[in-house]
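Down below is the structure, laid out as structure tokens.
This structure is a prediction, so every number in the text was calculated from the model and none was measured. Below, chain A is the first sequence line, B the second, and so on; all start at residue 1.
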There are 2 protein chains.
Amino acid sequence: MIKNDIALTIENNSELNRAKSLLMVETILNALKKSLSEDEKIEIRGFASLRVVSKKTGYGRDIRRKKQIKIKQGKRIKFRPGQDLKNLSS
Amino acid sequence: MIKNDIALTIENNSELNRAKSLLMVETILNALKKSLSEDEKIEIRGFASLRVVSKKTGYGRDIRRKKQIKIKQGKRIKFRPGQDLKNLSS
DNA sequence: GAGAGCAATATCGTTCTTGATCATGTCCTT
DNA sequence: AAGGACATGATCAAGAACGATATTGCTCTC
């Protein structure tokens, strides 16, 4: 399933046309991104929760040269499946 | 950010009222769940991708009794942040 | 439909998640 | 506003993911 399919789902279940549906998908995604960028957690009961956690790993590996390389510290997005997703994937 | 906030985002960016917006969120989530339950992968460029992978770990741990316990094999949902999410969390 | 733009893959050592479960905290519905 | 429902945290060890990068393959845009 790709982004267009999601827009199609919106189109089929609302009074919005295709273009507006696609715009709607973008709007929602941007809202989610913004929420995460502001260090908020996203919690969608029954589906999943997303949260930003800090990375601790400070190394990596250069495959070609086969040696360790330094990695800049940063953050990571943690995804936790909710109850419904756990059921379908158990 | 929680589910109601997402519905609010829809309400503010479409001709849908609150109830329809909430219904829209459920519709989309159900489409995503169904997609995953059918072993499809979800790929939203610039945001993230979700895919179902089979679990390999076959053990667990009972904290109270402090001993290993068997775990039934099943599936797991893997989340991979897309470019935009990587940027905001780097 | 073609070209451009991301995602997928392989690699390997260290860090981190997975898994069950109860208690607690947070959210949603009545 | 309160109660019911669901997420969170703690716990431990072993197996899996993470990280960079270039190439390949799929997706999106025009």
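Within the 4.5 Å cutoff, the side chain of A:Glu15 has heavy atoms near those of the B:Leu16 side chain.
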Could you list the donor-acceptor pairs under 3.5 angstrom formed between side-chain atoms of residues 22-30 of chain B and any protein atom two or more places apart in sequence or on another chain?
{"unit_1": "B:Glu26", "atom_1": "OE2", "unit_2": "B:Lys3", "atom_2": "NZ", "d": "3.0"}
{"unit_1": "B:Thr27", "atom_1": "OG1", "unit_2": "B:Leu23", "atom_2": "O", "d": "2.8"}
{"unit_1": "B:Asn30", "atom_1": "ND2", "unit_2": "B:Glu26", "atom_2": "O", "d": "3.2"}

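A:Ser49 is linked by a side chain to side chain donor-acceptor pair (under 3.5 Å) to nothing, counting only residues two or more places apart in sequence or in another chain. Residues passing the salt bridge (Lys or Arg N to Asp or Glu O under 4.0 Å) test with B:Arg18 are B:Glu11, sequence neighbours excluded. With sequence neighbours excluded, the residues satisfying side chain to side chain contact (heavy atoms under 4.5 Å, CB included) with B:Ser35 are A:Met1, B:Glu40, B:Ile42. For the side chain to side chain contact (heavy atoms under 4.5 Å, CB included) test, residues two or more places apart in sequence or in another chain that qualify with B:Asn12 are B:Leu8. Qualifying side chain to side chain donor-acceptor pair (under 3.5 Å) partners for A:Ser14, counting only residues two or more places apart in sequence or in other chains: none. For A:Arg51, there are no salt bridge (Lys or Arg N to Asp or Glu O under 4.0 Å) partners at least two apart in sequence or on another chain. A:Arg45 pairs by the side chain to side chain donor-acceptor pair (under 3.5 Å) definition with A:Glu43, not counting sequence neighbours. For B:Phe79, the ring-ring contact (aromatic ring centres under 6.0 Å, His included) partners at least two apart in sequence or on another chain are A:Phe79.
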Strictly under 3.5 Å: I want the nitrogen or oxygen pairs between protein and nucleotides 19-23 of chain D, one per line.
{"unit_1": "D:dA22", "atom_1": "O4'", "unit_2": "A:Arg64", "atom_2": "NH2", "d": "3.2"}

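Distance NZ (A:Lys78) to P (D:dC18): 12 Å, rounded to an integer number of Å. Atom-to-atom, CE of B:Met1 to P of D:dA7 comes out at 18 Å; the value is rounded to the nearest Å. Going from atom CZ of B:Phe79 over to atom C1' of D:dA16 covers 18 Å, rounded to whole Å. Put simply, CZ on B:Phe47 is 16 Å from P on C:dC6, counting in whole angstrom units. The distance between atom CZ of B:Arg18 and atom P of C:dT29, rounded to the nearest whole Å, is 11 Å. Straight-line distance from the CZ atom of A:Arg51 to the P atom of D:dT8: 6 Å, rounded to whole Å.
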Does the protein touch nucleotides 25-30 of chain D at the base, only the backbone, or not at all? Give it as B, S and - per nucleotide, heavy atoms under 4.0 Å. -BSS--
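In this structure, A:Gln83 does not reach the D:dA5 phosphate: none of its side-chain N or O atoms is under 4.0 Å from OP1 or OP2. Look at A:Arg80 and you won't find any side-chain N or O under 4.0 angstrom from OP1 or OP2 of D:dC6.
In DNA chain C, the stems built from three or more successive Watson-Crick or G-U pairs (distances below 3.5 Å) are C:1-30 with D:1-30.
Taken from CG in B:Asp84 to CZ in B:Phe47, the straight-line distance is 9.0 Å, to the nearest 0.5 Å.
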